[in-house]
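Computed from a predicted model, the values in this text were never measured in an experiment. Just follow the structure's listing: the first ligand is 1, and inside any ligand the first atom is 1.
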Amino acid sequence: MMTKEEIVARIKELKDNLKAIILAHNYQIGEVQDVADFVGDSLELSQMAASLKEEVIVFCGVHFMAETAKMLSPEKTVLLPEINAGCPMADMITAEELKAWKKTHPGKKVVCYINSSAEVKAESDLCCTSSNALRVVESLNDEAVLFVPDRNLANYVARQTTKQIIPWDGYCYVHNNIRLEHVEEKRRKYPEAEIWVHPECRPEVIDRADRVFSTGQMVKEAGRTSAVQVIIGTEVGIIHRLQKINPGVEFIPLKETAFCSNMKKINLASVLRALEKGRYQIEVDSSIREKALTAIQKMISI
Ligand code: 13P
Ligand code: SF4
């Protein structure tokens with residue numbers, strides 16, 4: 001049995017030998033965030049993967065994120081330490097289901113949240129993230145748009161645009177299980193605190209929050225907020241990152257059990273195995289990649 005310190009030392013040694021880099025999503029466990037070279041949101045990390053000189057990328061996140069990184073840098077080796085770390089929301093729509101749905105709405109464009117498979121992206125016109133969804137939708141000339149897979153993000157956008165947003169009925173169980181009662185309880189307990197929530201939350205939770213931020217925006221705001229206490233309505237892993245950025249602020253989870261079990265599948269042992277065994281390599285079929293990349297690059301240009 002290796003100690004934690006021995007595992008971390010071995011990870012660093014192998015990383016240097018292999019000229020690899022470790023990227024970790026904001027929701028990863030603290031130990032994995034601490035061993036990573038960069039921590040960020042899904043798009044930031046994928047774009048970073050494409051811009052770095054290292055040829056081997058250990059992507060500590062969920063499958064669609066590693067897949068997006070691979071599509072943006074196909075010549076690199078992208079390793080996901082746990083092959084079963086998926087996103088249940090991304091799995092709520094398949095390419096076949098999207099094709100069938102498009103047939104029932106002829107001529108309508110499709111905007112897909114980055115939390116979707118490469119195959120679903122390939123069937124979409126434009127991709128978006130939680131921080132740019134409104135801008136992406138507004139960039140289209142069409143009056144009505146199909147939006148997949150998150151109904152809560154779709155609803156959040158719909159309330160800020162005059163366009164008709166037709167949502168797919170998907171959701172993130174972690175954010176959807178944050179309820180109004182959790183907001184009311186925290187408001188009572190911490191009357192001076194600000195409440196920040198992610199747009200994957202339910203509309204009634206968003207209505208009672210002070211600010212609505214993607215994970216990347218929360219990270220930026222954490223560094224400059226004047227609040228003394230901030231209640232965070234998203235996956236609890238991000239608290240580690242926010243607290244490190246600004247130790248002077250108390251960041252409190254809106255719901256202590258808001259865990260994404262897939263994000264938590266990766267640990268130091270699996271990062272070490274990924275480097276030792278070169279696993280699990282993410283591959284995307286080139287015809288799928290080409291089409292999906294069009295939707296991703298259109299978003300990046302916006
Ligand atoms: P970001 O795109 O903000 O990294 O979030 C991804 C996610 O899975 C949110 O639940
Ligand atoms: Fe998917 Fe929700 Fe987990 Fe994000 S928090 S990876 S949307 S299940």
Exercise. Side chains of H63 and N262: do they bring a donor and an acceptor to under 3.5 Å?
Worked result: no
For this session: Return the residue, atom name and 0.1 Å-rounded distance of the protein heavy atom closest to atom 7 (S) of ligand 2.
Result: N115 ND2, 3.2 Å
Seminar exercise, completed: Which of T68, I300, I296 passes side-chain contact (heavy atoms from CB on, under 4.5 Å) with S46? Answer is T68
Seminar exercise, completed: In this structure, CD of E184 is separated from CZ of R208 (nearest 0.5 Å) by 4.5 Å
For this session: May I ask whether V136 and L146 are part of the same hydrophobic cluster, defined by side-chain heavy atoms of I, L, V, M, F, W, Y residues being less than 4.5 angstrom apart, directly or through others?
Result: no
Exercise. Which heavy atom of the protein is the closest neighbour of atom 1 (Fe) of ligand 2, given with residue, atom name and distance?
Worked result: C87 SG, 2.4 Å
Exercise. Which atoms of ligand 1 have any heavy atom of T215 under 4.0 Å away?
Worked result: 1 (P), 3 (O), 4 (O)
Exercise. What do you reckon, is CD of E290 surrounded by more than 12 foreign heavy atoms closer than 6.0 Å?
Worked result: no
For this session: Enumerate the atoms of ligand 1 whose separation from the nearest heavy atom of E200 is less than 4.0 angstrom.
Result: 7 (C), 9 (C), 10 (O)
Exercise. Can you find a non-hydrogen atom of F64 under 4.0 Å from ligand 2?
Worked result: no
For this session: Could you tell me whether N26 approaches ligand 1 through its side chain, its backbone, both or neither, with non-hydrogen atoms closer than 4.0 Å?
Result: neither
For this session: Could you confirm whether C260 has any N/O/S atom lying under 2.8 Å from atom 1 (Fe) of ligand 2?
Result: no
Exercise. Honestly curious: do Y27 and I231 fall in one hydrophobic cluster under the side-chain, below-4.5 Å linking rule?
Worked result: yes
Problem set entry | Within-4.5 Å side-chain heavy-atom neighbours: M2 and L268 | no
Problem set entry | For atom 7 (C) of ligand 1, closest protein heavy-atom neighbour | N115 ND2, 3.6 Å
Exercise. Would you say H175 touches ligand 1, if touching means a heavy atom closer than 4.0 Å?
Worked result: yes
Problem set entry | ligand 1 atoms in contact with H25 (distance to a heavy atom under 4.0 Å) | 1 (P), 4 (O), 5 (O), 6 (C)
Seminar exercise, completed: In ligand 1, the atoms that come under 4.0 Å of a heavy atom of D41 are 1 (P), 3 (O), 4 (O)
Exercise. Would you say T129 touches ligand 1, if touching means a heavy atom closer than 4.0 Å?
Worked result: no
Problem set entry | Close-contact set for ligand 1 against Y27 heavy atoms, below 4.0 Å | 7 (C), 8 (O), 9 (C), 10 (O)
Exercise. Of the backbone atoms (N, CA, C, O) and the side-chain heavy atoms from C-beta on, which set of N262 has a member under 4.0 Å from an atom of ligand 2: side chain, backbone, both, or neither?
Worked result: neither
Seminar exercise, completed: Exactly one candidate in T94, L98, V148 meets side-chain contact (heavy atoms from CB on, under 4.5 Å) with E123; the answer is L98
Seminar exercise, completed: For atom 2 (O) of ligand 1, the closest protein heavy atom turns out to be S42 OG, 2.7 Å
Problem set entry | Heavy atom of the protein closest to atom 8 (S) of ligand 2 (residue, atom name, distance) | P88 CD, 3.5 Å
Exercise. Can you tell if the side chain of Q33 reaches within under 4.5 Å of the side chain of K244, non-hydrogen atoms only?
Worked result: no
Problem set entry | ligand 1 versus S130: contacting region, heavy-atom distance under 4.0 Å | side chain
For this session: Give the intermediate values and the outcome of side chain to side chain contact (heavy atoms under 4.5 Å, CB included) for residues R279 and R273.
Result: CA-CA 7 Å; R279 74 184 195 194; R273 275 196 304 273; 3.2 Å; yes
Problem set entry | Short side-chain to backbone donor-acceptor contact, E235 and C260, under 3.5 Å | yes
Exercise. So which heavy atom in the protein is nearest atom 2 (Fe) of ligand 2, and how far is it from that ligand atom?
Worked result: C172 SG, 2.3 Å
For this session: Take Y113 and E200 through the test side-chain hydrogen bond (donor to acceptor under 3.5 Å, both in side chains) and record every step on the way to the result.
Result: CA-CA 11 Å; Y113 188 22; E200 285 176 19; 2.5 Å; yes
Exercise. If you count the atoms of ligand 2 from 1 in the order shown, which ones are under 4.0 Å from a heavy atom of M89?
Worked result: 7 (S)
